[in-house]
Q: 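Starting off with a structure, shown below.
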Amino acid sequence: WAEQAKDLRGYPLLPWVEHATLMQTAHPDTSAIENFVRRHPQTYLAAELRHLLAKRYVEGKRWQDVLNLELTTADIESRCRVLSARIALDETTLVADAAKALWLTPNSLPTACDPTIDWLRKQGQLNQDLIWQRIALTAQKGQATFVRQLANQLEGGQRLAAQRLADLLLDPGKQRSAVRKWPNDAAHQHAVALAVARIARRDDELAASLWRDFSPHLSFGDDDKALML
């Protein structure tokens, strides 16, 4: 097809043929990818290849090249790579807010986001409240194992409360009597409220029963009551 390429200029499927040829190898040359993106900048294929270039530029610490790609996608990995570039170039005016928005997800983040989250932590902005916000999102999805992982980032009694939240999500029947021995503090009140709210999604009668059992022992505030009712 390459011999006929000159006669096919303007043919809408020509970029797809070139792309198929480019991607035949397991690790296409970076310069070849850059050449394709330059020649077909508005195509869907070029948009996809920009994500691959961003990955390679980060690996090579080519931070300005990452920003020059002007990635506007909602793809999490690419967003994190752009933030990593801004951190490396000390262009951090808006990084903290963007990093917090990434953090607040019930799902695990890709490893490409680790540098950004580490930076947020070093800036002292990944506080206990922000960790609890993510735990709440995760509990809403019923992801007890991930709740337990996030709990490790908390301190002291808050860590214990989040770990007990995971236990309550996994087996509310078994934990029913144990809750009566838990401290009546804000962390445990919130943990129980999150668990009951999640349980109510699949079994409202069980959730109501748990609320009646726990209310005499735990002094739920208005916000926690609102979660459960």
Side-chain angles (χ1 to χ4, degrees), residues 74-77 79-80 96-229:
D75 172 70
I76 292 179
E77 288 192 338
R79 286 164 61 193
C80 286
D97 288 342
K100 289 176 183 178
L102 285 168
W103 169 261
L104 291 174
T105 173
N107 305 311
S108 297
L109 290 169
T111 56
C113 297
D114 289 351
T116 299
I117 301 304
D118 288 344
W119 176 87
L120 189 66
R121 186 177 288 107
K122 290 175 182 177
Q123 300 304 304
Q125 299 203 46
L126 187 55
N127 55 31
Q128 304 288 285
D129 181 62
L130 206 59
I131 295 170
W132 269 109
Q133 288 182 50
R134 190 173 182 189
I135 287 174
L137 294 172
T138 306
Q140 288 174 14
K141 295 291 185 180
Q143 299 182 33
T145 300
F146 194 29
V147 167
R148 197 181 304 280
Q149 292 176 14
L150 292 171
N152 292 329
Q153 301 186 46
L154 294 169
E155 300 172 355
Q158 295 198 50
R159 177 186 299 182
L160 182 59
Q163 290 170 341
R164 286 171 168 169
L165 162 59
D167 294 337
L168 193 52
L169 288 171
L170 286 171
D171 194 341
K174 182 178 180 180
Q175 297 300 320
R176 184 192 290 261
S177 59
V179 172
R180 300 189 184 98
K181 301 177 184 178
W182 293 358
N184 184 20
D185 57 30
H188 281 82
Q189 292 160 17
H190 190 48
V192 170
L194 289 172
V196 172
R198 167 60 190 180
I199 293 166
R201 291 189 173 190
R202 65 176 188 270
D203 191 335
D204 56 351
E205 291 185 4
L206 174 59
S209 173
L210 292 172
W211 183 79
R212 287 193 295 269
D213 276 4
F214 300 156
S215 291
H217 173 63
L218 296 170
S219 306
F220 295 112
D222 292 341
D223 289 343
D224 287 333
K225 287 179 181 178
L227 283 174
M228 297 182 285
L229 299 178

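Values reported hereafter were calculated over all heavy atoms of this structure, with side chains retained and with hydrogens, waters and symmetry mates removed. If you read the sequence from its start, that first residue is 1, and numbering goes on from there.
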Q: Taking all non-hydrogen atoms of both residues into account, name the closest pair between V147 and A139 and its distance.
A: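 Taking every non-hydrogen atom into account, CG2-N, 3.9 Å.
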Q: Which atom names give the shortest non-hydrogen contact between A162 and A151, and what distance separates them?
A: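 Looks like CB-CB, 3.5 Å.
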Q: Only distances under 3.5 Å count here; give the side-chain donor-acceptor pairs of residues 98-110 to other protein atoms, sequence neighbours excluded, each with its distance to 0.1 Å.
A:
residue	atom	partner	partner atom	Å
K100	NZ	Q125	OE1	3.0
W103	NE1	L130	O	3.1
T105	OG1	N107	N	3.2

Q: Which atoms form the tightest heavy-atom contact between G157 and H188, and what is the distance?
A: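 The answer is O-CE1, 4.0 Å.
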Q: As an exercise, state the distance from CZ of R148 to CG of N152, rounded to the nearest 0.5 Å.
A: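 Reported to 0.5 Å precision, the distance equals 9.0 Å.
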Q: Any heavy-atom pair between the side chains of V179 and V192 that's under 4.5 Å?
A: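 In short, these two side chains touch, coming nearer than 4.5 Å.
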Q: Roughly how far, to the nearest 0.5 Å, is CD of Q189 from NE2 of H217?
A: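 Reported to 0.5 Å precision, the distance equals 9.0 Å.
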Q: Does the side chain of R134 reach to within under 4.5 Å of the side chain of I131, using non-hydrogen atoms?
A: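 R134 vs I131: side chains apart.
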Q: Heavy atoms, side chains only, cut-off 4.5 Å: are T138 and Q149 in contact?
A: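 No - every pair of side-chain heavy atoms lies 4.5 Å or more apart.
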Q: With a 3.5 Å cut-off and sequence neighbours excluded, list the donor-acceptor pairs that the side chains of residues 196-205 form with protein atoms.
A:
residue	atom	partner	partner atom	Å
R198	NH1	Q140	O	3.0
R201	NH1	Q140	O	3.1
D203	OD1	E205	N	3.3
D203	OD1	L206	N	3.0

Q: Specify the closest pair of heavy atoms between A195 and L169, including all atoms of both residues, with the distance to one decimal.
A: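 That would be CA-CD2, 3.9 Å.
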Q: Assess whether atom CG of N184 is packed by more than 12 heavy atoms of other residues, nucleotides or ligands within 6.0 Å.
A: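 Result for CG/N184: enclosed.
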Q: What distance do Q175 atom CD and R164 atom CZ have between them, rounded to the nearest 0.5 Å?
A: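 The CZ atom of R164 is 9.0 Å from CD of Q175, to the nearest 0.5 Å.
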Q: Identify the two heavy atoms, one from Q153 and one from R121, that lie closest to each other, and give their separation to 0.1 Å.
A: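 So the minimum-distance heavy-atom pair works out to OE1-NH2, 2.9 Å.
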Q: Counting neighbours of CH2 on W211 that are heavy atoms of other residues, nucleotides or ligands and sit closer than 6.0 Å, is the number greater than 12?
A: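 Counting other residues, nucleotides and ligands, CH2 of W211 stays at 12 neighbours or fewer.
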Q: Between atom CG of L154 and atom CG of N127, what is the distance when rounded to the nearest 0.5 Å?
A: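 Between atom CG of L154 and atom CG of N127 there are 10.5 Å.
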Q: Do R79 and T116 pair up side chain to side chain, a donor and an acceptor below 3.5 Å, judged on atom types alone?
A: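 Side-chain D/A pair, R79 to T116: absent.
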Q: Looking at CE of M228 and CG of D223, how far apart are the two atoms once the value is rounded to the nearest 0.5 Å?
A: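 Between atom CE of M228 and atom CG of D223 there are 11.0 Å.
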Q: For a quick check under 3.5 Å, do D129 and Q133 share a side-chain donor-acceptor pair by atom type?
A: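 Indeed, the side chains of D129 and Q133 share at least one donor-acceptor pair under 3.5 Å.
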Q: Are H190 and L165 packed together at the side-chain level, in the sense that at least one heavy-atom pair is separated by less than 4.5 angstrom?
A: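 No. Closest side-chain heavy atoms not under 4.5 Å.
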Q: If you look at every heavy atom in L218 and P183, which pair is closest and at what distance?
A: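 Minimum heavy-atom separation between L218 and P183: CD2-O, 3.7 Å.
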Q: How many angstroms lie between CH2 in W132 and CG in L194, if you round to the nearest 0.5 Å?
A: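 Rounded to the nearest 0.5 Å, the CH2-CG separation comes to 6.5 Å.
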